[in-house]
Amino acid sequence: MLRIGIVGLAQVGKTTLFQILTRAHGSGQGAGRPETHVGIVRVPDARLDRLVEMFQRQKTVHATIEYVDTPGSIIELARTGVESQNLRELNALMHVVRAFQDDAIPAEGGAVNPQHDIENVELELMLSDLAMVEKRVERLERDLKKQKNPSLEKELEVLKVCKTVLDKQTPLREASLGPEEERLIRGFTFLSLKPMLYVLNLGEKDAARANAAEQFALAAGLKQRPHTAVTAICGKVEAELAELSDSEAAEFLASYGLKESAISRLIHASYQLLGLISFFTVGDDECRAWTIRAGTTALEAAGEVHSDMQRGFIRAEVVKYEDLVAAGGFAEARARAQLKLEGKDYIVQDGEVVRFRHSG
Ligand SMILES: Nc1nc2c(ncn2[C@@H]2O[C@H](COP(=O)(O)OP(=O)(O)OP(=O)(O)O)[C@@H](O)[C@H]2O)c(=O)[nH]1
Ligand SMILES: [Mg+2]
């Protein structure tokens, strides 16, 4: 399961956001060091709902992402051994950035300054990585003087590239390393290499500003950065929203000039940032979304569903979601030649409905 860490400076709204995401009870609010919270979040998908309706299945199984709420400031976490190890095990970071004004909650650095906070945190991640790189480079150079070793030489070469990148204050996620280089440094679990989703936590008066994230990304130079995304949410409005019934919620949203909760957008943004897509299966009693990385083959996708399906893989029967819905069922989709038989190397696409033919 993929894990996204909710990180940021102290008191920026991380736990509030975590609770909205997971609707988990219990809280880690206030100062101090509550234990780290982990929650599993379903990825909303209207396509899946439609399939359940169409095939009248009992159960819907959504794709899921795991979110981890981290306590306090990431700058402190990155500086302590155990805590920084926990950060390193995450697949991506969701950096909650305070953009709301509230005199009752002191802002780190004395004033609310999202761009400044982003730069500070980024710098800390890079320094932490640089320390690791330098230590390893020193070690490798020492060892290589004693004995030649081609694979260690290769590692040294990549680490030197990383060092040059970090020295220029560029996070490693923007280093455009090749797959082989990425593989060589994977074990270091560098913090600045992790995909980054910036979440602007807006004040109530900005809640309805639909282009807040876009404008901020532009102004802060975050647009079109590799493995980087920006979205905005109003934690306070969403927290209240989560407590309301559907009819109350609609009214409440309207009072802020909003149409829908920003939570599903936030979940989808994390999904996309991780390069994830979904394919669907229609079983006897359930419709299910499965999470795969873009570029996954039919054989690997079969393995996600069941190891037997992978072992006995014969063919994948694949139909696009839109085609299946338009056809109204598998039989008609087949009659329209929209149901394709694909081999094990076929690359599964987002939104495809797949039936695996397998032996055994
Ligand atoms: N005005 C306003 N207050 C907020 C918002 N989001 C969170 N808060 C308040 O800010 C305080 C801190 O919120 P938390 O969610 O606990 O923040 P945190 O980042 O988890 O805090 P630490 O884990 O202690 O670093 C709480 O009093 C929240 O009610 C918001 O969007 N607007
Ligand atoms: Mg917290």
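Each ligand, and each atom within it, is numbered from 1 in the order the structure gives.
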Which of the atoms of ligand 1 are close to [X], meaning less than 4.0 Å from one of its heavy atoms?
{"X": "L202", "result": "31 (O)"}
{"X": "T16", "result": "7 (C), 13 (O), 14 (P), 15 (O)"}
{"X": "G72", "result": "22 (P), 23 (O), 25 (O)"}
{"X": "A10", "result": "25 (O)"}
{"X": "N201", "result": "5 (C), 6 (N), 31 (O)"}

Any N/O of [X] closer than 3.5 Å to an N/O of ligand 1?
{"X": "Q101", "answer": "no"}
{"X": "T70", "answer": "no"}
{"X": "S73", "answer": "no"}
{"X": "G13", "answer": "yes"}
{"X": "I105", "answer": "no"}
{"X": "D69", "answer": "no"}

Fill in: M309 side chain near S359 side chain, heavy-atom distance below 4.5 Å
no

Worksheet item: Considering only heavy atoms from C-beta outward, does the side chain of L9 approach that of V121 to under 4.5 Å?
Response: yes

Item to complete: Give a yes/no on ligand 1: does V96 have at least one heavy atom closer than 4.0 angstrom to it?
Response: no

Item to complete: Answer yes when E124 and R79 have at least one side-chain N-carboxylate O distance shorter than 4.0 Å, and no when they do not.
Response: yes

Step through the shown structure and confirm whether more than 12 heavy atoms of other residues, nucleotides or ligands are within 6.0 Å of [atom1] on [X].
{"X": "Q169", "atom1": "CD", "answer": "no"}
{"X": "R336", "atom1": "CZ", "answer": "yes"}
{"X": "E89", "atom1": "CD", "answer": "yes"}

Worksheet, complete the sentence: Within the 4.0 Å heavy-atom cut-off, what V12 brings close to ligand 1 is both

Worksheet item: Which option out of E238, K236, Q11 puts a heavy atom nearest to atom 22 (P) of ligand 1?
Response: Q11

Worksheet item: Any N/O/S atom of T70 sitting less than 2.8 Å from the Mg ion (ligand 2), backbone or side chain?
Response: no

Response to the item:
Quick note, salt bridge (Lys or Arg N to Asp or Glu O under 4.0 Å) partners involving residues 259-274, not counting sequence neighbours, are none

Discussion item. If hydrophobic clusters are built from ILVMFWY residues whose side chains come within less than 4.5 Å, do I74 and F190 share one?
Written reply: no

Response to the item:
Which of T70, D69, V7, L21 passes side-chain contact (heavy atoms from CB on, under 4.5 Å) with M94? Answer is L21

Discussion item. Tell me if the centroids of the rings in H37 and F18 come within less than 6.0 Å of each other.
Written reply: yes

